[in-house]
Amino acid sequence: MQCGRLSAVGVGCGARAVWCGRGEAAAGRGAVAWRSSMAVRRASNDITTFLNTENIKLYNGTKMPTGLFSEGEVSGRITKLRKHMDEAGLAACLFTSIHNINYFSGGFTYCAFGRPYGLLVTPEKHLTISALIDSGQPWRRSAQDNIIYTDWKRDNFFRTVVQELGMTVGAMGVEEDHLSLQAATKLRTHLTNKLIDVSEATMKMRMVKSKEEIAVIKNSAATADLGGWACAEALGVGVPEYEVALAGTQAMVRNIAKLYPDSDLMDSWVWFQSGINTDGAHNPVTTRRLQSGDILSLNCFPMPQGYYTALERTWFLNHCSDDHLKNWEANVAVHKRGIELIRPGVRCSEIARELNELFAQFGLLKYRSFGYGHSFGVLSHYYGREAELELREDIETVLEPGMVVSMEPMFFIPEGQPGAGGYREHDIIVINDDGPENITHFPFGPEHNIFKK
């Protein structure tokens, strides 16, 4: 099968690779129905032509499995999105966030490095827009089509959006919680379409998980448990935090590779904190060496294809002082009660208010750090977050089957006070039709987590 002449740079247009852009018509390309009518253009070695090329298409290799989900799962998400577009009067949606591009493409998790990425969806089109630095990988991971913009002229991303919209008339959905002011200004400069926020609507779609998503989350929670045990094995007086973290990360990545051999392996990590470093939940790993009697904070985050879960535990090394034990037992009591409160029909705010009362009884409410729990799915420390499904006083969302939330009470006692340090437990709860299911199996509390080394 041929596609015009071979390009001057030696990349063919047959089954092995197709460079496509704006211009000459393709011949003999019918392997996949949705790309049979596209125009193509070979890569050029002429400098002027090269620099004037705003975008290309590159079908390098063959389509890859989505990694985690079936084609039916991904197409179902797209169908729901198009139904919302129709009801909201949207002619198109342009997603720019990692979480929505991942969710509606079935697994493509882009690496921005300062470049914009997109997913353009119309009633007829589903197209990821990626930077040339990634070559053919975004197409291989996209549910349907992909187009690549070049770096040769500033704003080729926005020109490509305009070209792909073509004669589309009507409002376009965008993510106002992600789109920067600069990017929004450039879109309005290049487009006449009205821009309408769809970030809240798509967040609500993601909040209720499918059976396939819940299966992935369960596997990932079990992977977090494995990471926790690997960290426990690595403990020892004089061992630096980073060595414990590395042990957990390696164990999780290897398990994800075993569970999902066709997935991308990226972003799984461990935050392992000791002593004063436990005061913040998201404090980075350091070179601090563990000491006997240290309070420890374990945080394991496996990330199969952009899907987040977590295991978080308070530990102690060798022994725990009476003041630390009192604080720890109080947090465990709040944690247990919080797990009991998570069930269908309960408002997020109700859970937070009751747990506040319990913390107040212990005299520890003033040391609380953040909300009592949050949703899971496509998120990480640098993208995502389903803000309407958090166990906080200002969230009125009612829990329902298909939702997945954590229970993770935390407080910290400042350095120099008895029992100083940060205390946190974290379990993942799947809300089923018949009630809640705790899918975290690593034990918590003083009976289990004072490690003698």
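Values in this document were obtained by computation on a predicted structure and should not be read as measured data.
Inspection of the S199 and E176 side chains reveals no N or O donor paired with an N or O acceptor under 3.5 Å. A side-chain donor-acceptor contact under 3.5 Å links T160 and N55. Between the side chains of R140 and N146, no donor-acceptor pair is found at a separation under 3.5 Å. A side-chain N or O of S292 and one of N318 form a donor-acceptor pair less than 3.5 Å apart. No side-chain N or O of N102 forms a donor-acceptor pair with one of Y383 less than 3.5 Å apart. A donor atom on one side chain and an acceptor atom on the other are found under 3.5 Å apart for N299 and Q273. Between Y260 and N219, the side chains place a donor N or O and an acceptor N or O closer than 3.5 Å (distance only, hydrogens not considered).
Atom CD of E340 is surrounded by more than 12 heavy atoms from other residues, nucleotides or ligands within 6.0 Å. Counted within 6.0 Å of CD on Q182, heavy atoms from surrounding residues, nucleotides or ligands total 12 or fewer; the atom is thus considered open. A 6.0 Å sphere centred on CD of E71 holds no more than 12 heavy atoms belonging to other residues, nucleotides or ligands. Taking a 6.0 Å sphere around NZ of K453, one finds it holds more than 12 heavy atoms contributed by other residues, nucleotides or ligands. Counting heavy atoms of neighbouring residues, nucleotides and ligands inside a 6.0 Å radius, atom CZ of F113 does not exceed 12 of them.
In summary, K209 and E386 engage in a salt bridge, as defined by a charged side-chain N under 4.0 Å from a carboxylate O. A salt bridge does not link R115 with D134: none of the charged nitrogens is closer than 4.0 Å to a carboxylate oxygen. Salt-bridge formation is not detected for the pair R353/E357: no Lys NZ or Arg NE/NH1/NH2 atom is positioned less than 4.0 Å from an Asp or Glu carboxylate oxygen. A salt bridge links E354 with R337; the closest basic N to acidic carboxylate O contact falls under 4.0 Å. At a threshold of 4.0 Å, the pair D262-R141 does not count as salt-bridged, since none of the basic side-chain nitrogens sits closer than that to a carboxylate oxygen. Of the charged side-chain nitrogens involved, none lies within less than 4.0 Å of a carboxylate oxygen, so that K336 and E425 do not count as a salt-bridged pair.
Taking the ring centre of Y149 as origin, the terminal cationic atom of R159 falls outside the region bounded by 6.0 Å and 45° from the ring axis.
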Applying ring-ring contact (aromatic ring centres under 6.0 Å, His included), run through F376 and Y308 and close with a yes or a no. CA-CA 6 Å; F376 290 82; Y308 171 97; 5.7 Å; yes
List the steps and the verdict of side-chain contact (heavy atoms from CB on, under 4.5 Å) for N449 and T314. CA-CA 7 Å; N449 291 333; T314 295; over 6 Å; no
Evaluate L399 against I351 for side-chain contact (heavy atoms from CB on, under 4.5 Å), listing each step before the verdict. CA-CA 11 Å; L399 300 181; I351 295 173; 3.9 Å; yes
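A side chain to side chain contact (heavy atoms under 4.5 Å, CB included) with W139 is found for exactly one of I148, D145, I147, namely D145. A ring pair (Phe, Tyr, Trp, His ring centres under 6.0 Å) with F411 is found for one member of Y423, Y372, F362, W328 and no other, namely Y423.
Aromatic ring pairs are classed by plane angle as parallel below 30°, tilted from 30° to 60° and perpendicular above 60°; the pair F108 and Y110 is tilted.
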